[in-house]
There are 2 protein chains.
Amino acid sequence: MNKDQIESLIPLLKEKNLRVTPQRIQILTTLIDMNGHPTAEDIQKRIPIISLATIYNNLKLFVELGIINELPYGNGLSRFEFSQSNHYHVICESCGKIADINYPELTEIEEMVANLTGFSVNNHNMEVYGKCQECIEKG
Amino acid sequence: MNKDQIESLIPLLKEKNLRVTPQRIQILTTLIDMNGHPTAEDIQKRIPIISLATIYNNLKLFVELGIINELPYGNGLSRFEFSQSNHYHVICESCGKIADINYPELTEIEEMVANLTGFSVNNHNMEVYGKCQECIEKG
DNA sequence: CTATTTGCAAAGCATTTGCAACAGT
DNA sequence: ACTGTTGCAAATGCTTTGCAAATAG
């Protein structure tokens, strides 16, 4: 995801009678600039002009629109990333940082689970837990 | 995990100067009786004599002792289960219910991720998302 | 007898909401 | 103009904590 691609999201907003406000553009741009998995607070530190309520409300909106994903793992703070398929996450148990893993998707498990449990299956996630290099160095 | 096995946990408590109170026994027994993945509130509905604070405090304690696991997925409510390895979860996106999946553990991914990311890896989880039979029937 | 535990009420923290002022389109 | 959006302050909902009274060992 890069800055030009934000423009491709504008029609999506207009289609639903949602407005293209400077706050929305800044939140998406900041998400790109931080190119990781920031919390709502992380984003607000970068753009303190925008109220936390607006950041939360818009993150929630973007999740509903499918533009971004919410990652509720860890210590009660959600983290956000642009939607993309085919990747899993490693989570640092010390600092909560999340990194992407490129690993071939385990597609076969979904059908397996549907047969085994009677659930209708939509998707799946995997998270690997450990300690990031920074936290290892800090002890 | 069955009721007799609760007794095997008692020495673990005594070892750490923790007391075997009726509340602790009842919370563990209730977790067994519900044999699923209840929330703190679910447990309290079954044993309303015990205060929610005590339930939360003891669940937290049991997690620290490694007796149970906390499953923080979904909408801000944690669910709890007895510790056991080699299983993943299916989660109903409508009602939040969690069920176990028996699926061979994907051990190889942990080493892969350690090499790929520089994290020291401790463990991993997988959750499959969908709709449970009950919720499918309800529409 | 002594240190731990209970349970109430209050605090904490991330997130959401009500509402009046504001701003896209 | 019309309707969606912002942002403050207050509310919410889950979880934790302070502290006095109760209790396990």
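All chains are named by letter (A, B, ...) in the order of the sequence lines, taking the proteins before the strands, and each is independently numbered beginning at 1.
At least one side-chain heavy atom of A:Arg24 sits less than 4.5 Å from a side-chain heavy atom of A:Leu18. At a threshold of 4.5 Å between non-hydrogen side-chain atoms, the residues A:Val63 and A:Phe80 count as touching. Looking only at side-chain heavy atoms (C-beta outward), B:Glu81 and B:Asp100 come within less than 4.5 Å of each other. For the pair B:Phe119/B:Glu110, no side-chain contact is recorded, criterion being any heavy-atom separation below 4.5 Å from C-beta on.
Side-chain atoms of B:Asn58 and B:Gln23 include no donor-acceptor pair closer than 3.5 Å.
For DNA chain D, runs of at least 3 consecutive pairs of the Watson-Crick or G-U wobble type, with both hydrogen-bonding distances under 3.5 angstrom, map to C:1-25 with D:1-25.
With sequence neighbours excluded, the residues forming a side-chain contact (heavy atoms from CB on, under 4.5 Å) with A:Leu9 are A:Leu28, A:Ile67, listed by chain and number. In this structure, the side-chain contact (heavy atoms from CB on, under 4.5 Å) partners of A:Lys97, at least two apart in sequence or on a different chain, are A:Cys92, A:Cys95, A:Cys132, A:Glu134.
Between the CG atom of A:Asn17 and the C1' atom of D:dT5 there is a distance of 13 Å, given to the nearest Å. With rounding to whole Å, B:Leu71 atom CG is found 12 Å from D:dT15 atom P. Residue A:Leu77 contributes atom CG, which lies 17 Å from atom P of D:dC14 at whole-angstrom precision. Taking atom CZ on B:Phe80 and atom C1' on D:dC14, their separation rounds to 11 Å, with Å as the unit.
Contacts between residues 49-62 of chain A and DNA chain D, defined by a heavy-atom separation under 4.0 Å, are made by A:Ile49, A:Ile50, A:Ser51, A:Ala53, A:Thr54, A:Asn58. Less than 4.0 Å separates DNA chain D from at least one heavy atom of each of the following residues of residues 19-48 of chain A: A:Arg19, A:Thr21, A:Gln23, A:Arg24.
A distance-only check finds a donor-acceptor pair linking the side chain of B:Asp42 to the backbone of B:Thr39 [under 3.5 Å]. The closest donor-acceptor contact from the side chain of B:Thr30 to the backbone of B:Ile43 lies at 3.5 Å or more, if one exists at all. Using a distance-only test at 3.5 Å, with no hydrogens or angles considered, a donor-acceptor pair links the side chain of B:Arg79 to the main chain of B:Gly96. Judged by distance alone, the side chain of B:Ser94 and the main-chain N or O of B:Lys131 form no donor-acceptor pair under 3.5 Å. In this structure, the side chain of A:Gln44 engages the main chain of A:Ile50 through a donor-acceptor pair within 3.5 Å. For the pair B:His37 (side chain) and B:Ile98 (backbone), a donor-acceptor distance under 3.5 Å is present.
Heavy-atom contacts of chain A under 4.0 Å fall on DNA chain C between two terminal nucleotides, which in 5' to 3' order are C:dA14 to C:dT25.
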